[in-house]
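Throughout, numbering of the chain's residues begins at 1 and tracks the sequence.
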Amino acid sequence: MSKLPETKVVVAMENMLKIAADATRLKIMFVLLDDEQNEKCVNDICQSINASQSLVSHQLRILKDADLVNTRKEGTKIYYSLKDEHVRELINVVQEHVLERI
């Protein structure tokens, strides 16, 4: 049996999973996961998920504040990418689990 983590760790995990559990944010993370260069600007993400710029920008801010995405500024554009391999693994594992059940 695994050792139960401290309450603060469990709460932090809960908060991160809540943030990732939004359909728009999941779509954004999938777009960033699937891109060969692993980064996209807001306009590219908007086109990929068929959403408005204001909605995508708002959701990207939430993902950035949760430390799930990185940003890189080039001129006037900001490029977004998934934070690290842990985020990629999380998305892939959840998708695999769901696909096994449907």
Novice: Sort and list the pairs that fulfil side-chain hydrogen bond (donor to acceptor under 3.5 Å, both in side chains) and have at least one residue in residues 93-102, not counting sequence neighbours.
Specialist: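 Output for this query lists H97-R101.
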Novice: Got a second to check how far N50's CG is from L55's CG, nearest 0.5 Å?
Specialist: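 Here the rounded value is 10.5 Å.
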Novice: Determine whether more than 12 heavy atoms belonging to other residues, nucleotides or ligands lie under 6.0 Å from atom CG of D65.
Specialist: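 For D65, atom CG is crowded (more than 12 foreign heavy atoms under 6.0 Å).
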Novice: Measuring from atom SG of C41 to atom CD of Q47, what distance do you get when rounded to the nearest 0.5 angstrom?
Specialist: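 The CD atom of Q47 is 8.0 Å from SG of C41, to the nearest 0.5 Å.
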Novice: If hydrophobic clusters are built from ILVMFWY residues whose side chains come within less than 4.5 Å, do L60 and I49 share one?
Specialist: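 Same cluster: L60 reaches I49 through Ile, Leu, Val, Met, Phe, Trp or Tyr contacts under 4.5 Å.
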Novice: Distance check, rounded to the nearest 0.5 Å: N70 atom CG versus E39 atom CD?
Specialist: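 It is 9.5 Å, given to the nearest 0.5 Å.
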Novice: Please list, one pair per line, the donor and acceptor atoms closer than 3.5 Å that link side chains of residues 21-33 to other protein atoms, with sequence neighbours excluded.
Specialist:
| residue | atom | partner | partner atom | Å |
| --- | --- | --- | --- | --- |
| D22 | OD2 | T24 | N | 3.0 |
| D22 | OD2 | R25 | N | 3.0 |
| R25 | NE | I19 | O | 2.6 |
| R25 | NH1 | Q59 | OE1 | 2.5 |
| R25 | NH2 | I19 | O | 3.4 |

Novice: Surrounding CZ of R72 (heavy atoms of other residues, nucleotides or ligands, distance under 6.0 Å), is the total greater than 12?
Specialist: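 Enclosed.
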Novice: Hey, any chance I45 and I62 share a hydrophobic cluster, counting ILVMFWY side chains that come within less than 4.5 Å of each other, even indirectly?
Specialist: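 Yes, I45 and I62 fall within the same hydrophobic cluster.
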Novice: Would you say CD of E6 has more than 12 non-hydrogen atoms from neighbouring residues, nucleotides or ligands within 6.0 angstrom?
Specialist: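 For E6, atom CD is not crowded (no more than 12 foreign heavy atoms under 6.0 Å).
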Novice: Output the rest of the hydrophobic cluster of L4: all Ile, Leu, Val, Met, Phe, Trp and Tyr residues reachable through side-chain heavy-atom contacts under 4.5 Å, sorted by chain and number.
Specialist: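 Besides L4, the cluster holds no residue at all.
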Novice: Does L82 share a hydrophobic cluster with L90, counting links as ILVMFWY side-chain heavy atoms below 4.5 Å and allowing steps through other members?
Specialist: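 Not linked; separate clusters.
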Novice: Evaluate side chain to side chain contact (heavy atoms under 4.5 Å, CB included) for D84 paired with V87, printing each intermediate quantity in order.
Specialist: CA-CA 6 Å; D84 57 28; V87 179; 3.6 Å; yes
